[in-house]
Participant: 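Below you'll find the structure I mean.
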Amino acid sequence: MSVAVRARPTPPRVPALAVLAYHLVGYRRTWRAGVFSSFLLPVLTVAGFGFGVGAYIDQGVDGVRYLDWLVPGLLASTAVQVAIAESTWPVFGNFQWTKTYFAQSTAPLRVADILTGHLAFVLFRVLSASAAFLLVTALFGALVSPWAVTALPVVALLGLAVAAPTFAYTSAVSTDSWLAMLFRFAVIPMTLFAGVFFPVESLPVALRWLAYATPLWHGVDLCRAATLGVAPQWSVAGHLLYLGAWALAGWLLARAAFRRRLVI
């Protein structure tokens, strides 16, 4: 009489996908909590600024209706805020509170697998929130050009460009008070002065160059070019290379910071 032997499950060929699957399973139970912050709040902002403030701007901006000009900026800033929100307290909690990263490191997973899998989940959050945002703004009639769909890969790269350095920052701080300071002194000023609500050219020269240095401005310029069907202020290749440099440098810094925490 033969005895059936239960086959062991084979590990995935790309271990980072297992980490991504872990975060997706958890998100399936908590996605409702993020609907307001990542979707409804930007839509309310579009309605308030686009129709409210926009009603007092007769000439629009650069000959474009203010609502149409505003939407790509809000799209890029929404991507940044979702990316940083998913890269601060969740990452800090996985180190300090739930110890999830330490549990994952005891499995046959490398530091790069843990980091890359979690970053992939952050990109999923950025893309899903951005796609929903584009859909709703299309119903508002605020997407002028069919090239607007190309804004999705732009916000994916923008999300990675800010998420990867934030992973490195979060894994290096000792208390979550530093995370609140990140929002207060980096995220909020970047959102206000990186061309989301008004042209950067109206700023003093020193502040203008600070805005150019932020990843958000490059994402805003590319998204605005896509949704309006116009050429960006800088070259497309220059924008993409700049955002890619932020993403690569952030990933390398995050991997080093994770290794210091997880590898004894």
Side-chain angles (χ1 to χ4, degrees), residues 8-39 41 78-132 155-184 186-187 215 246-264:
R8 294 182 178 180
T10 57
R13 293 184 179 181
V14 183
L17 293 180
V19 179
L20 171 61
Y22 163 79
H23 291 290
L24 289 173
V25 169
Y27 182 66
R28 187 175 62 184
R29 296 175 172 82
T30 61
W31 65 270
R32 295 174 184 83
V35 169
F36 180 79
S37 60
S38 63
F39 177 55
L41 187 58
T78 297
V80 166
Q81 291 177 26
V82 171
I84 293 182
E86 292 290 341
S87 306
T88 46
W89 277 275
V91 173
F92 186 84
N94 285 343
F95 276 120
Q96 297 291 106
W97 301 323
T98 63
K99 307 291 184 180
T100 300
Y101 288 148
F102 295 97
Q104 291 175 340
S105 67
T106 62
L109 291 171
R110 299 168 300 175
V111 170
D113 299 326
I114 298 170
L115 172 62
T116 303
H118 199 169
L119 278 173
F121 172 73
V122 173
L123 290 186
F124 163 77
R125 288 281 292 111
V126 169
L127 281 172
S128 58
S130 300
V155 296
L157 181 58
L158 173 62
L160 185 60
V162 296
T166 305
F167 266 63
Y169 174 84
T170 302
S171 59
V173 300
S174 56
T175 68
D176 60 344
S177 298
W178 291 99
L179 306 182
M181 292 177 64
L182 176 67
F183 276 87
R184 181 174 300 175
V187 178
W246 270 82
L248 177 59
W251 189 88
L252 292 173
L253 290 172
R255 185 183 63 173
F258 271 52
R259 188 179 298 277
R260 285 194 298 268
R261 298 288 300 272
L262 298 177
V263 178
I264 299 176

Participant: Report the C-alpha distance between Met181 and Trp178 in whole Å, list the side-chain angles of each, state the deciding distance to 0.1 Å, and finish with yes or no for side-chain contact (heavy atoms from CB on, under 4.5 Å).
Facilitator: CA-CA 5 Å; Met181 292 177 64; Trp178 291 99; 4.0 Å; yes
Participant: Taking all heavy atoms of Leu123 and all of Ala156, pick out the closest pair and write down the distance.
Facilitator: CD2-O, 3.3 Å
Participant: Say whether, by atom type as modelled, one donor and one acceptor occur between the side chain of Thr170 and the main chain of Ser87 under 3.5 angstrom.
Facilitator: yes
Participant: Check whether Ser105 reaches the backbone of Phe102 with its side chain - one donor and one acceptor, N or O, closer than 3.5 Å.
Facilitator: yes
Participant: Compare every heavy atom of Ala85 with every heavy atom of Pro90, then report the nearest pair and how far apart it is.
Facilitator: CD-O, 3.2 Å
Participant: Does the pair Val91 and Tyr101 meet the rule for a side-chain contact (heavy atoms from CB on, under 4.5 Å), with working shown?
Facilitator: CA-CA 9 Å; Val91 173; Tyr101 288 148; 3.7 Å; yes
Participant: Please check if the side chain of Thr98 supplies one atom and the backbone of Gly93 the other of a donor-acceptor pair under 3.5 Å.
Facilitator: yes
Participant: Under the salt bridge (charged side-chain N to carboxylate O under 4.0 Å, His left out) rule, what pairs show up with a residue in residues 84-108, not counting sequence neighbours?
Facilitator: Glu86-Arg125
Participant: Atom OG1 of Thr166 and atom CZ of Phe183: how far apart are they, to the nearest 0.5 Å?
Facilitator: 8.0 Å
Participant: Within the side chain of Thr116, is there an N or O that forms a donor-acceptor pair under 3.5 Å with the backbone of Asp113?
Facilitator: no
Participant: CG/Leu115 to CG/Leu109 distance, rounded to the nearest 0.5 angstrom?
Facilitator: 12.0 Å
Participant: Quick check: Phe167 with His118 (ring centres under 6.0 Å apart)?
Facilitator: yes
Participant: For Ala79 and Ser130, which heavy atoms make the closest approach, and how far apart are they?
Facilitator: CB-OG, 4.0 Å
Participant: Look up atom NE2 in His23 and atom CG in Leu119, then write down how far apart they are to the nearest 0.5 Å.
Facilitator: 9.5 Å
Participant: Knowing that exactly one of Thr88, Leu253, Leu182 qualifies, which makes a side chain to side chain contact (heavy atoms under 4.5 Å, CB included) with Tyr169?
Facilitator: Leu182
Participant: Which heavy atom in Ser171 sits nearest to a heavy atom in Phe95, and how many Å separate them?
Facilitator: CB-CE1, 3.4 Å
Participant: How many angstroms lie between atom CG of Asn94 and atom CZ of Arg261, to the nearest 0.5 angstrom?
Facilitator: 11.0 Å
Participant: Restricting to non-hydrogen atoms, name the atom on Ala180 and the atom on Trp89 that form the minimum distance, rounded to 0.1 Å.
Facilitator: N-CH2, 3.9 Å
Participant: Where is the tightest heavy-atom contact between Leu158 and Pro215, given as atom of each residue plus distance?
Facilitator: CD1-O, 3.4 Å
Participant: Examine distances only and state if a side-chain atom of Arg28 and a backbone atom of Leu24 form a donor-acceptor pair shorter than 3.5 Å.
Facilitator: no
